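Report on one structure; see the data block that follows.
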Amino acid sequence: MENQNTEYKENWKDEYLKTIAAFANGEGGKLFIGIDDRGKVSNLKNAKRLLEDIPNKIRNHLGISSKVYHNEKGVIVVEVESSEIPVSYDGKFYIRMGSTTQEIKGLHLAQLILKKQRLSWDALPSGAGVNEIDKQAVEKFIELSSKRLAISAGDNHLKILENLELVKNGELTNAGVLLFGKKPQRFIISAGARVGRFKTDIDILDTVEANGNLFVQLDTLFNAVKKHLNVKFEIKEKLEREDVWDYPLDALREAIINALIHRDYMDTADIQIKIYDDKIWMWNPGGLPEGITIEQLKIEHGSKPRNKLLAMVFYYAGLIEKWGSGTKRMTSLCVEQGLPEPEFKEEMGGLSVRFYKDIYTEENLRKMGLNERQIKAVMYVKEKGKITNREYQEINGLKKRQATDDLKELENKKIIERVGITGKGTYYTLKGRQRGERGANGATKGRKGGHKGDIND
């Protein structure tokens, strides 16, 4: 079966050098000559000549060497190793995308060149001199990182940044100008982000542009999101009051940080955050690193930061706890608050995360194992505020026994709760609604302003 590292061909054509180049530009692979896509072996009449010609063609056209041999089935195997430098064929570069070979250019070619040279974009020179260093940002970093770094307020700013590899040969690196530059956008045009409050996909109620260094952007983005959230107050043990926001603030903050430090800054698109009545959508250019899947984001997984210097500085500043744990923590915080898990998705050339305010959506109720009758009843309660056994029977066309069983199951799942013991006055409402909780429309509006740990407090 053909895949990222395997290709089958019935006979040899010189155009298959593209596939060999693509294997070399990736993790390597094997090209089988003399076998079709279904695995049927064909009779290669020119096999002996091909065993001589193919290695020469690879060497002459691609500038690499590959192992070419006959296997036990009489099929010619071209075994290609991953190259340490980008490999081109006829002046063009190719990579494997699943089971296909595709030409790359522009941004993707630049990314391939950096990868092959083992260079991190954030470690490259930015063109900004040390006179661009924002002293206040460095001083705030010293304060935040005092627990994790042996530095103090009296230390030389330039020396600190040099030790962090943010200044090289008297010039700020890309990471250096993003973190501590006075005006990073003068040197890195893509270093921007936007927040919008949307009523619908086309009705925009508010827009905030975030510029400046990444610490400033973090504060700007977080506060722009927070001002559109509702907060309610709950009395906990020992009569202590706890503010409960629409979404866990720490989860939102973590998501914003992830977008800032893991985005692909070679892509000119901005980080985008869209706030709706029932959800928040965050997107940053640049997909997941190789070897990390969407499913792994919600469990313990290794860290492969795209921008290692950015991640390192945010760690030292105490803005992230440990690399690779942020997405798992975001998921845990949402579940602990009784919200659906965040939804991560690779889309539009980047990575997005959706936070949902309402756990009682049809999609999430299906994930919880509810049948269509129960889902219809929950939607009814959301609209009407309550439901009786008779109403459940009527909207679903059921007899009382089945309605009672369905409602009991919803109680056991802690989705609804019964009000009243027996009799005609008994009804059911969503769990928690009888304890004085208020929905988004009735909640107290949240405070505006900073949050503990902000770089610009």
Side-chain angles (χ1 to χ4, degrees), residues 1-121 264 266-267 286-296 304 306 346-347 349:
M1 181 178 179
E2 292 185 339
N3 55 37
Q4 187 92 2
N5 310 107
T6 307
E7 182 87 7
Y8 299 112
K9 300 297 180 183
E10 291 188 59
N11 213 324
W12 171 261
K13 294 181 181 179
D14 284 355
E15 66 184 63
Y16 299 153
L17 288 168
K18 297 177 184 178
T19 300
I20 295 173
F23 284 148
N25 286 328
E27 299 174 355
K30 291 182 179 180
L31 174 64
F32 294 86
I33 309 297
I35 186 171
D36 62 22
D37 295 343
R38 298 180 297 276
K40 182 179 178 181
V41 177
S42 58
N43 183 21
L44 280 175
K45 297 179 180 180
N46 57 344
K48 184 176 180 180
R49 180 170 59 83
L50 287 176
L51 286 171
E52 296 177 358
D53 288 350
I54 292 176
N56 291 330
K57 290 178 182 290
I58 294 173
R59 189 180 307 108
N60 293 335
H61 290 278
L62 305 182
I64 60 174
S65 297
S66 296
K67 188 177 180 181
V68 182
Y69 58 91
H70 249 141
N71 68 9
E72 66 277 3
K73 295 182 179 179
V75 174
I76 291 178
V77 182
V78 182
E79 194 169 316
V80 185
E81 294 183 354
S82 178
S83 172
E84 293 185 358
I85 61 174
V87 174
S88 66
Y89 170 64
D90 198 21
K92 299 178 181 179
F93 294 83
Y94 300 88
I95 60 170
R96 293 287 285 181
M97 297 289 287
S99 60
T100 65
T101 297
Q102 298 184 12
E103 182 186 356
I104 59 168
K105 56 182 70 174
L107 171 63
H108 298 296
L109 177 57
Q111 291 170 336
L112 173 66
I113 293 172
L114 285 178
K115 177 182 176 181
K116 288 298 180 181
Q117 294 181 341
R118 291 181 174 85
L119 294 174
S120 173
W121 173 89
D264 185 350
M266 295 176 67
D267 192 314
L288 290 171
E290 292 181 12
I292 301 293
T293 65
I294 290 292
E295 292 72 25
Q296 289 174 326
K304 294 185 177 181
R306 174 178 282 108
E346 286 191 287
E347 56 184 346

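Source: prediction; values computed, not measured.
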TODO: Give, for atom CD1 of I294 and atom CD of Q296, the distance between the pair rounded to the nearest 0.5 Å.
DONE: 10.0 Å
Open item on the list: Taking CD in Q102 as the centre, count heavy atoms belonging to other residues, nucleotides or ligands within less than 6.0 Å. Is the count above 12?
Closed with: yes
Task: ring pair (Phe, Tyr, Trp, His ring centres under 6.0 Å) involving F93 - partner list, sequence neighbours excluded - done: none
Open item on the list: If I compare all heavy atoms of E79 with all of S66, which pair ends up nearest, and what's the gap?
Closed with: O-CB, 3.5 Å
Open item on the list: If the test is side chain to side chain contact (heavy atoms under 4.5 Å, CB included), which one of L109, N25, T101, T100 qualifies with I95?
Closed with: N25
Open item on the list: Can you give me the closest heavy-atom contact between Q4 and R96, atom names plus distance?
Closed with: NE2-O, 3.1 Å
TODO: First locate atom OG1 of T19, then atom OH of Y89, and finally report the distance between them rounded to the nearest 0.5 Å.
DONE: 10.5 Å
TODO: Answer yes or no: is there a donor N or O on one side and an acceptor on the other, between the side chain of N71 and the main chain of G74, under 3.5 Å?
DONE: yes
Open item on the list: So which atom in P86 and which in L112 form the shortest heavy-atom distance, rounded to 0.1 Å?
Closed with: CB-CD2, 4.3 Å
Open item on the list: Please give me the minimum heavy-atom distance between V87 and L62, naming the atom from each residue.
Closed with: CG1-O, 3.8 Å
- [ ] State plainly whether the residues K57 and D53 are in salt-bridge range, i.e. N to O under 4.0 Å.
- [x] no
- [ ] Report yes if some heavy atom in the side chain of N11 is under 4.5 Å from a heavy atom in the side chain of N46; otherwise report no.
- [x] yes
- [ ] Check H70 against L51 and note the closest heavy-atom contact, atom names and distance.
- [x] ND1-CD1, 3.6 Å
- [ ] Starting at CZ of R306, measure out to CE of M266 and round the result to the nearest 0.5 Å.
- [x] 10.5 Å
Open item on the list: When you measure from the side chain of N5 to the backbone of F23, do you find a donor-acceptor pair of N or O atoms at a distance under 3.5 Å?
Closed with: no
- [ ] Please determine if K67 forms a cation-pi arrangement with Y69, meaning its NZ or CZ atom is less than 6.0 Å from the six-membered ring centre and no more than 45° off the ring axis.
- [x] yes
Open item on the list: Just verifying a value: how many Å separate R49 CZ and L44 CG, rounded to the nearest 0.5 Å?
Closed with: 11.0 Å
- [ ] Spell out, as yes or no, whether a donor-acceptor pair under 3.5 Å connects the side chain of E10 to the backbone of S42.
- [x] no
TODO: Might you point out which heavy atoms bring I85 and S83 nearest each other, and give the distance in Å?
DONE: O-OG, 2.7 Å
TODO: Would you give the length of the straight line joining atom CD of E15 to atom CG of D90, rounded to the nearest 0.5 angstrom?
DONE: 12.0 Å
Task: Distance, nearest 0.5 Å, that separates NE2 of H108 from CG of D267 - done: 8.0 Å
Open item on the list: For I54, run the side chain to side chain contact (heavy atoms under 4.5 Å, CB included) check against V78, D14, L31, L17 and tell me which one passes.
Closed with: V78
